[in-house]
Peer 1: 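This is the structure I have questions about; it appears just below.
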2 protein chains.
Amino acid sequence: MPNHRSGAGDPARTLRLLWRQPDETPRRGPRQGYSLDDIVTAAIELADTDGLDAVTMRAVAQAVGVAPMTLYTYVPGKAELLDLMLDASYARMPRPDRSGEPWRARVAALAEDNRKLFAAHPWAAEVGTGRPPLGPGLMAKYEYELRAFDGTGLDDVQRDAALTYVLDFVRAAARAAAEARLARRESAWSDEQWWAANAPLLARVLDAQRYPTAVRVGAAAGAAQNAAYSPEQAYEFGLARVLDGLGVLVDGA
Amino acid sequence: MPNHRSGAGDPARTLRLLWRQPDETPRRGPRQGYSLDDIVTAAIELADTDGLDAVTMRAVAQAVGVAPMTLYTYVPGKAELLDLMLDASYARMPRPDRSGEPWRARVAALAEDNRKLFAAHPWAAEVGTGRPPLGPGLMAKYEYELRAFDGTGLDDVQRDAALTYVLDFVRAAARAAAEARLARRESAWSDEQWWAANAPLLARVLDAQRYPTAVRVGAAAGAAQNAAYSPEQAYEFGLARVLDGLGVLVDGA
DNA sequence: CAGTACGTTGTACAATGTACGGAGTAATTC
DNA sequence: GAATTACTCCGTACATTGTACAACGTACTG
């Protein structure tokens, strides 16, 4: 399991699972003791509480209450399970009617909805979606989010590109936040310990002659963020820029 | 090795390695047969040609010509090796003088430089940098790239945020491109096969009554990109938006 | 009742990072 | 010079992962 990706395996089988289309041939043998949703729900709970790395086939199986290999009668493999987890999370997102608001507010809300998704399910930002799971959750999400650009005058191609742009931004911000969190948790060195251990060498090596701008700006940014990097502030700054950039496209330069 | 991250281990030791500061106590025993740069270079070559997943300690050791465990006398662990690879790649980036050009051209060039970095070293976009490798390469890069915002009137905090914004965008685009490439390579299903296998079910399930906008926009976008997703076009669209968004900040609304 | 396809599971394997300890070597110390 | 020490190099071993395979039991079909 080199990386966490999605969309391997027989695509038709995956699609049938996503849309919960059972095989039409009558099933012989014993009934399955659990449902696909049981598996997916257990996996999502595991990922929410302990992170994506905790989602091993053995752990999911134990959470459900079956032997590891039993999972393979519900799901072709781990990649498909990730697809199903992602699509289920998409399906559960709230989709209030915002047709009365101006487009800028709608797009900001779109970003916020996705930020909340990644806040509730940090693992969702990590799953690579080279080929996204074309399930009912993603379709409902796509349909809903495209509407945020109603009334902007963008054509269909621009509309898709604009949505992709916003979503990619939020996802990148969520990834950065997750990485920062992970670094803190896993390293066994707190930020203070880290700086205390590094300060002597850094002081010797980062002379302001050689890196004048970097030292000055880095100090100012570090002071403003109370850390070397603040995911929240990066998100806020970035979102304002994203909206401004789309504004130029929409309102004309 | 759950994920590819960087910055674990004793930070002071890592920093000494990054800046090539040898232990000051005189070394006893046999001299090392290779240099740290030999290890790092071999690892980078491996990653460039076969991807980050091919960078196993065993494979790097074989490329260098030593036993796997020998690497641990050069490097504390794999995480530190990734840090060193990343910093070395940063150090090798070109940094031409662009002080004569307007800021927009300089920022566009900055993005392009990073796009080329990720084109040459796709693995660099995958390495998580929760705590970035504070080595000479990153410092030189940071110093140089901050200069792209000279003359914009941004204060130091804004300048750092703007640079982070641009770099995160390029990195996200590179990741998306890498994911798309990986999906194609690993899945053993070509895009045509994938669509052929999925088309029947998709046609049944994606009715235009339920997903009117999605079906229409998806079709238009797919036709315009000759695929469900085009990393290049997403990059071009996004970069224009990034520059416009920064333009609003710089020139005032 | 016989046959067949399916659910469940124990065992097993390959790949990974790296801990551990042994063997050899060179600098330091007596 | 001899003993000690610290270091390089490396063979072995272990835990963890996804999942292939085959055995065994079960419920539906004929």
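This structure is a prediction, so every number in the text was calculated from the model and none was measured. Here is how names work: the chains are called A, B, and so on, in the same order as the sequence lines, proteins then strands, and each is numbered from 1.
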Peer 1: Name every donor-acceptor pair, under 3.5 Å, that has one atom in a side chain of residues 170-178 of chain A and the other anywhere in the protein, sequence neighbours excluded.
Peer 2:
| unit_1 | atom_1 | unit_2 | atom_2 | d |
| --- | --- | --- | --- | --- |
| A:Arg171 | NE | A:Ala125 | O | 3.3 |
| A:Arg171 | NH2 | A:Val127 | O | 2.9 |
| A:Arg175 | NE | A:Ala125 | O | 2.8 |
| A:Arg175 | NH2 | B:Glu179 | OE2 | 2.8 |

Peer 1: Using the ring of each side chain (for Trp, its six-membered ring), is A:Tyr235 parallel, tilted or perpendicular to A:Phe169, with breaks at 30° and 60°?
Peer 2: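 Plane angle under 30°, so parallel.
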
Peer 1: Go through the steps to decide whether A:Tyr142 and A:Asp160 satisfy the test side-chain hydrogen bond (donor to acceptor under 3.5 Å, both in side chains), and finish with yes or no.
Peer 2: CA-CA 9 Å; A:Tyr142 186 51; A:Asp160 176 77; 2.7 Å; yes

Peer 1: I'd like to know if B:Arg28 reaches the base of D:dT5 with its side chain, counting only an N/O donor and acceptor under 3.5 Å.
Peer 2: yes

Peer 1: Provide, to the nearest angstrom, the distance between the NZ atom belonging to B:Lys78 and the P atom belonging to C:dA19.
Peer 2: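 The distance from NZ of B:Lys78 to P of C:dA19 comes to 14 Å, rounded to the nearest Å.
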
Peer 1: Looking at B:Tyr34 and B:Tyr74, would you say the former's side chain and the latter's main chain have a donor-acceptor pair under 3.5 Å?
Peer 2: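 Pair absent, no side-chain N/O of B:Tyr34 close to backbone of B:Tyr74.
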
Peer 1: Does the pair B:Gln32 and B:Arg27 meet the rule for a side-chain hydrogen bond (donor to acceptor under 3.5 Å, both in side chains), with working shown?
Peer 2: CA-CA 10 Å; B:Gln32 289 189 315; B:Arg27 331 268 305 161; 5.4 Å; no

Peer 1: So which atom in A:Lys141 and which in A:Arg95 form the shortest heavy-atom distance, rounded to 0.1 Å?
Peer 2: CA-NH1, 3.6 Å

Peer 1: Side-chain N or O of B:Arg27 less than 4.0 angstrom from OP1 or OP2 on D:dT8?
Peer 2: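 Looking at the OP1 and OP2 atoms of D:dT8, one of them is under 4.0 Å from a side-chain N or O of B:Arg27.
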
Peer 1: Grab the CG-P distance between A:Leu52 and D:dT17 for me, whole Å please.
Peer 2: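 After rounding, the reported distance stands at 13 Å.
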
Peer 1: Let's see if you get this right: which residues in residues 63-74 of chain B place a heavy atom under 4.0 Å from DNA chain C?
Peer 2: B:Met69, B:Tyr72

Peer 1: C:dG7 C1' sits how many Å from A:Tyr34 OH, rounded?
Peer 2: 13 Å

Peer 1: Select base, sugar-phosphate, or nothing to describe what B:Val55 touches, counting heavy atoms under 4.0 Å on all strands.
Peer 2: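 Touches sugar-phosphate only.
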
Peer 1: Over how many whole Å does the gap from B:Met57 atom CE to D:dG11 atom P extend?
Peer 2: 16 Å

Peer 1: Verify the contact: side-chain N or O of A:Arg31 to OP1 or OP2 of C:dC6, cut-off strictly under 4.0 Å; return yes or no.
Peer 2: no

Peer 1: Taking atom P of C:dA14 as reference, at what distance in whole Å does atom CG of B:Asp53 sit?
Peer 2: 20 Å

Peer 1: Looking only at non-hydrogen atoms, find the nearest pair between B:Ala47 and B:Val55 and report the distance.
Peer 2: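 Answer, listing the atom of B:Ala47 first, then B:Val55: CB-CG2, 3.6 Å.
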
Peer 1: Of all the choices, C:dG17, C:dT25, C:dG7, which nucleotide is nearest to the side chain of B:Pro30 once you look at every atom?
Peer 2: C:dT25

Peer 1: Taking the side chain of A:Gln32 as heavy atoms from C-beta outward, which of D:dG18, D:dT5, C:dG7 is closest to it?
Peer 2: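 For A:Gln32, the side-chain atoms sit closest to C:dG7.
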
Peer 1: Closer to the 5' end of DNA chain C via nearest nucleotide, is it B:Gly29 or B:Arg58?
Peer 2: B:Arg58

